Protein chains: 4
Amino acid sequence: MSTTTDVTPSGRAFISDNMAGASPEIAQAVATAAAGHVPPYGNDPFTEGARRRLSETFERDVDVFLVSTGSAANCLGLAALTRPWGSVLCHPDSHINTDECGAPEFFTDGAKLVTVPGDDSKIDADALQQAARHRAGDVHSVQPSVVSISQATESGSVYTLDEIRRLATVAKGAGLRVHMDGARFANAMDHLGCTPAEMTWKAGVEVLSFGATKNGAMTADAIISFDPALATELAFRAKRAGQLASKMRFHAAQLDAYLTDGLWLRNARQANAMATLLGDGLKAIPGTELRGSPQANILFCRLPRQATEGLLAEGYTFYHHRWAPGIVRFVTSFSHTPDDIDQLLDAVRRHTR
Amino acid sequence: MSTTTDVTPSGRAFISDNMAGASPEIAQAVATAAAGHVPPYGNDPFTEGARRRLSETFERDVDVFLVSTGSAANCLGLAALTRPWGSVLCHPDSHINTDECGAPEFFTDGAKLVTVPGDDSKIDADALQQAARHRAGDVHSVQPSVVSISQATESGSVYTLDEIRRLATVAKGAGLRVHMDGARFANAMDHLGCTPAEMTWKAGVEVLSFGATKNGAMTADAIISFDPALATELAFRAKRAGQLASKMRFHAAQLDAYLTDGLWLRNARQANAMATLLGDGLKAIPGTELRGSPQANILFCRLPRQATEGLLAEGYTFYHHRWAPGIVRFVTSFSHTPDDIDQLLDAVRRHTR
Amino acid sequence: MSTTTDVTPSGRAFISDNMAGASPEIAQAVATAAAGHVPPYGNDPFTEGARRRLSETFERDVDVFLVSTGSAANCLGLAALTRPWGSVLCHPDSHINTDECGAPEFFTDGAKLVTVPGDDSKIDADALQQAARHRAGDVHSVQPSVVSISQATESGSVYTLDEIRRLATVAKGAGLRVHMDGARFANAMDHLGCTPAEMTWKAGVEVLSFGATKNGAMTADAIISFDPALATELAFRAKRAGQLASKMRFHAAQLDAYLTDGLWLRNARQANAMATLLGDGLKAIPGTELRGSPQANILFCRLPRQATEGLLAEGYTFYHHRWAPGIVRFVTSFSHTPDDIDQLLDAVRRHTR
Amino acid sequence: MSTTTDVTPSGRAFISDNMAGASPEIAQAVATAAAGHVPPYGNDPFTEGARRRLSETFERDVDVFLVSTGSAANCLGLAALTRPWGSVLCHPDSHINTDECGAPEFFTDGAKLVTVPGDDSKIDADALQQAARHRAGDVHSVQPSVVSISQATESGSVYTLDEIRRLATVAKGAGLRVHMDGARFANAMDHLGCTPAEMTWKAGVEVLSFGATKNGAMTADAIISFDPALATELAFRAKRAGQLASKMRFHAAQLDAYLTDGLWLRNARQANAMATLLGDGLKAIPGTELRGSPQANILFCRLPRQATEGLLAEGYTFYHHRWAPGIVRFVTSFSHTPDDIDQLLDAVRRHTR
């Protein structure tokens, strides 16, 4: 396994938004939660508070399951939406398809991921239309059961509300459930300028992975179910998967602070703004070329080889060897400043000269 | 599901040691870790530091996998020690057998727990001798593959080093692996006055769930493997089970502070001392009766019905309806003070008069 | 693995009823089915015929899934009746608990078998009453989901209709489903002198493993579901488990012949009669002692050591080392004759003198 | 589910080779095996005989596991060759990928199928070279673990010995195991004119699904392992999956007869010859067009719409709606005669005029 232990100069970390630490407000909330006795396993006022706040955020009662990773959030959510002989329709670029080491198969007791293509890492509705009915009722084939939408996507694009609605309509028309991987939920929302409700249940989403970790929390994401019929199954599956934390208050405190006074939106706005700054700057540099349609906090671009090498030599960290030759990825986070971006752009300029 | 949200008056919380919050040192360490950029998924200096410190603690190189719950620690460890057609030999009272909602079966891809009796929630070596060879080689039966020892046990007793060695010898003689559920590892160590190494690999333990959460951490336990051959499997299983945290530093910071300056031992000593204080006090109260051999921070005792009711009415929380009628359980933690115990004893006295 | 390849002198085979071959009528039916072209995967007239005949046999429409082993029949049936976080309540002696190498755990995606005691290998209704509600609704515990009844039991006893009805009533009162392992269904029916309907759905059974292999068929058992809501799940599970045979006609032909002209009842009657003959004979031999309440075609008894050894030396085969010392098991089948039994009794007499 | 029960006029059945019944020699062997008492679960002389005969056939000692379907053979074999976090590399057209309803995921405890392209349904060696090392050692990704080759393929093509050797060399160079789905093993061998050993272990195959059902047997296929280290795992997995038949003799008798006096080769030769006859005839009919490179007993071709409809109206059965419009599939078997083919060709001619 690759287990190099690097220390990255602050401000030069663009591997992923998970290189950032946590917002001070969240660190503070966790420290505050450390005092006092409360019942374990989520039967505590912190968890109740987080649940209430999430219900307010989504403008309706929601079922909430706090978990320690986005992997667990996605896979538990999917497990509640498909039987083992079902298939999960997802984009080839989706994190669940490429970066989970079979976790979806594990949590779903062996369901199958089936990919559906589309530009900019977004599932194409017409392709979904076909895939959603593929061999339905044929006992020799896995049965299309759920579509999983990444919002924002893994390449930084964002589904419009219309696009989500259309996919959900197609899915439901074929009897499928609708799942959203919201590891970068706030970043997408910031781009669209919409409400959480509009981007989820009002558009047809039934289970959401509400990501907080990448956007300023520490180790807490939430499964949010808009279908009360799923609550029991989700509760048992979460327990059985080792995700019913005894001191749940520490997950809850993170979520609570995250949603307080708009911290989550500020963080996302900052991350997105830094990506825009970076994108605009890169566009102006001859020899570099932006890829796809970056709308959130992820940028793919083509860099000259000497630029990539020069940046690495200066201590910049980013993925550069996973895709086509010359293609690199930069992910910005709430922790980046305009100064950080300026310095990065300056370095790119220097190395592409 | 039972989801009552109680607030327990501080100092009256005896349901479990997980009602306590976190040690200030650990809260501080987490807050400190929140700043700066480090690589994700455990390739960071915090995780490296925790690994180094654990190796020092155990006086040898160990493989470390930080996870968010003891459930995950136990079940991932077991999954690396048995194939799906194997059986895990454990005590009927063991947490994995009674309180995990089938998590061991889930993580092991369907292995079977087989119980082996013994007094005081401890596996009897002679009974293990028989169980370890039960239908070995018979394709119609699950194959005894691993023995799991809870140290301290679920009823507060502690295996002596001799007892662990004997079980491990029996197990290995029959080709079984040896697992230790150390959710209350420090409490057991405090009772025995031995070193971590003596209580584990020197006694034959191969994989350990090193509990920190119940003893002052927040949401971090560690799988510690003394067999390097298991490292790859554990790494993939942890990832696949949603336990490879992207911001692993926050688990690591907890472990690091936990092991710094003997915090973990101080916490355990305090919890144990409070249990002893409580036990001694209860023994002196006519009408109450201690059960088993409490040696760590768990006490079972028989209380008169009016005492149980009186305590509950005063806001005391503890388990009282899960075992034989009249039997209650008190669990102390680092967060209890002699004053808390005195008040509890006083209340018992008042209600048993 | 134990893989001795013995040839047992005909008539001296008492290990199990599966030592018998197949009834000539069934062999003939299979040979006849070998000719001609029919659609695969059960969409053929043979399978349709078997389904019709089973519906007639059970006096109602039933869903039928033909499988190649009783293991598959039991485990697929159970998988349709419990979720992975459920428990299957069964007797400690039950085949699914002792002789399936974890197959129930595999097919159910990790559900847990929980044993419920009772005399003569039969589940006690009062014990079931307790077990059926054990920690219901508690997310930390597997949830009682289905009770599995072996009829006839693994020790040769037979539940009365009243006993089945009582267990089913208790189960349903607690929200559990009712499964019957009918590996020796016909033997039980012969003993009770009742109809198939009376012993199953009229008594509350929802899914039945209808055994044919042990009673004169070759490699064919049937899952019979009395709950139409389970048909889709059973179909997908059977396919996914490799049990949707392409040339299903060969399973169907066995079942059809089995049910034609009362063959199955004649076979069971013969097996039971031989067991009665053997039991009566053994009772009259000083030094031997019958165990339990043999009512079908299985007998447990205590034999003097020299008798066991003498029988083995003469080429008799039977289980003799699996239970308490001195306890042996004889299983009779349709293929045994009064002459076979007389010779066995004569041998026991000679060796106990 | 699609459960139409058709009766197909003999000789007009081209849906699959599993529409044929069984060879008379096999029916006779099964009937003969019905008499007498033998030990159950494969410890009988029939099974020993089949094992010996298969060892002779493959010119070396092999481990043999007789199962009731090709699905079970493939999936158990794969389960022994990959861990749950592994991937099975296979062609997009492979039966395990398209027609098993997730059975491979079920049997492997959640491993992932990853497709590797290539012409004529054959895996391309260069593509395999890349796929076999895809993210090896990266804990975020499933690990390439085994390549599965269908011989003959699902579109009727046959790998040459050189092609198999090349794929095996590439696979082993990257640390992968080699599996062969030999549902139509004999058909491929007949085409190549090689020995069983040459087409398997001498070319690098480690586990083979040795298909018999489609080529004249009833309900019996064999897993053949050329790696003795896998025997124990395969035995436990087969039992656990409900594939250790109690009356194994009936599977064994089929295999034995199948391999006696070259029956299997005669059957395959007949099926292949009929396909060649049909292919040659179709080529000569204007308006039809053969697809791919039919070398075994499967033919894909383009038929005019009125031809397809005309054939269906005459009672011919074949797949015609699963692929591109106008594409139909004919599968011949040992049971077809030159007369059957002539009549089919005549019908095509009549309907394409």
Side-chain angles (χ1 to χ4, degrees), chain A residues 1-4 15-16 18 69-71 74-75 78-79 82-88 90 92-115 130-131 133-145 154 183 241 319 321-325, chain D residues 1-4 15-16 18 69-71 74-75 78-79 82-88 90 92-115 117 130-131 133-145 154 183 241 319 321-324:
Chain A
M1 264 135 299
S2 58
T3 51
T4 51
I15 283 181
S16 181
N18 54 32
T69 62
S71 304
N74 276 335
C75 296
L78 291 173
T82 182
R83 302 304 307 273
W85 53 91
S87 63
V88 178
C90 59
D93 294 346
S94 64
H95 193 84
I96 55 171
N97 188 48
T98 63
D99 282 290
E100 288 295 9
C101 192
E105 288 83 354
F106 175 55
F107 280 81
T108 61
D109 303 312
K112 193 177 172 88
L113 301 196
V114 170
T115 58
Q130 263 208 308
R133 288 188 163 80
H134 185 67
R135 299 179 66 179
D138 175 353
V139 78
H140 298 271
S141 173
V142 286
Q143 297 295 296
S145 297
E154 290 76 7
Y319 281 137
H321 56 300
R322 294 191 144 203
W323 304 279
Chain D
M1 262 134 299
S2 57
T3 51
T4 50
I15 283 181
S16 180
N18 54 31
T69 62
S71 304
N74 276 334
C75 296
L78 291 172
T82 182
R83 302 304 306 271
W85 53 91
S87 63
V88 177
C90 60
D93 294 346
S94 65
H95 193 84
I96 56 171
N97 188 48
T98 63
D99 282 289
E100 288 294 10
C101 192
E105 289 84 355
F106 175 56
F107 280 81
T108 61
D109 303 311
K112 194 176 171 88
L113 302 196
V114 170
T115 56
Q130 264 209 308
R133 288 187 162 80
H134 185 67
R135 299 179 65 181
D138 176 352
V139 77
H140 298 270
S141 172
V142 286
Q143 298 295 296
S145 298
E154 290 77 5
Y319 281 137
H321 56 302
R322 295 193 143 202
W323 304 280

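These numbers come from the heavy atoms of this one structure, side chains and all, not from hydrogens, waters or symmetry mates. Chain letters run A, B, ... following the sequence lines, proteins first and then strands; every chain starts at 1. A quick note: this is a predicted structure, and the numbers were derived from the prediction, not measured.
From N97(D), atom CG reaches atom NZ of K112(A) across 4.5 Å, with rounding to the nearest 0.5 Å. Once rounded to the nearest 0.5 Å, the distance linking CD of E105(D) with CG of D109(A) reads 12.5 Å.
The two residues G102(A) and V142(D) make their nearest non-hydrogen contact at N-CG1, 3.5 Å. Nearest approach of R135(A) to D99(D), heavy atoms of both residues: NH2-OD1, 2.7 Å.
Per-residue heavy-atom pair counts under 4.5 Å with chain D were compared for Q143(A), E100(A), R322(A), and the maximum is reached by R322(A). Ranked by heavy-atom pairs shorter than 4.5 Å toward chain D, the options T98(A), T108(A), L113(A) are led by T98(A). When S87(D), G110(D), C101(D) are compared by the number of non-hydrogen pairs under 4.5 Å with chain A, C101(D) comes out ahead.
Applying the side chain to side chain donor-acceptor pair (under 3.5 Å) criterion to T115(A), with sequence neighbours excluded, gives no partner residue. By the side chain to side chain donor-acceptor pair (under 3.5 Å) test, S16(D) is found to be paired with N18(D), residues two or more places apart in sequence or in another chain being considered.
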